[in-house]
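To start, the structure itself, in structure tokens.
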Amino acid sequence: MTKLKLGPITDDKPVKVTVELPPSLHRDLIAYAEILSRETGQAAADPAKLIAPMVQRFIATDRGFAKARRSS
């Protein structure tokens, strides 16, 4: 079994943001959503719903960002 960095997607009140993605990234998000659904046993998430948790995870694990944030 593959260990993904994301867990189940929580349903939270979102803030609307519009972004444009390269087609290859969109395909990767679709594939990730399918794999995540198999891993968690949940229905496949809308690929757009993966973006926020992925960005949150990235920011939470970025040591350079954490260090810069503490020093500012």
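Start at 1 with the first residue, then count along the sequence.
In terms of heavy-atom proximity, Ala45 sits nearest to Ala33 at O-CB, 3.4 Å.
In the hydrophobic clustering of this structure, Leu50 groups with Ile35; members are Ile, Leu, Val, Met, Phe, Trp, Tyr whose side-chain heavy atoms approach within less than 4.5 Å, directly or through other members. Linking ILVMFWY side-chain heavy atoms closer than 4.5 Å, directly or via other members, places Val55 and Leu36 in a single hydrophobic cluster.
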Side-chain donor-acceptor pairs under 3.5 Å in residues 14-29, sequence neighbours left out?
none

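Remark: Asp62 engages Phe58, Phe65 in a side chain to side chain contact (heavy atoms under 4.5 Å, CB included) (not counting sequence neighbours).
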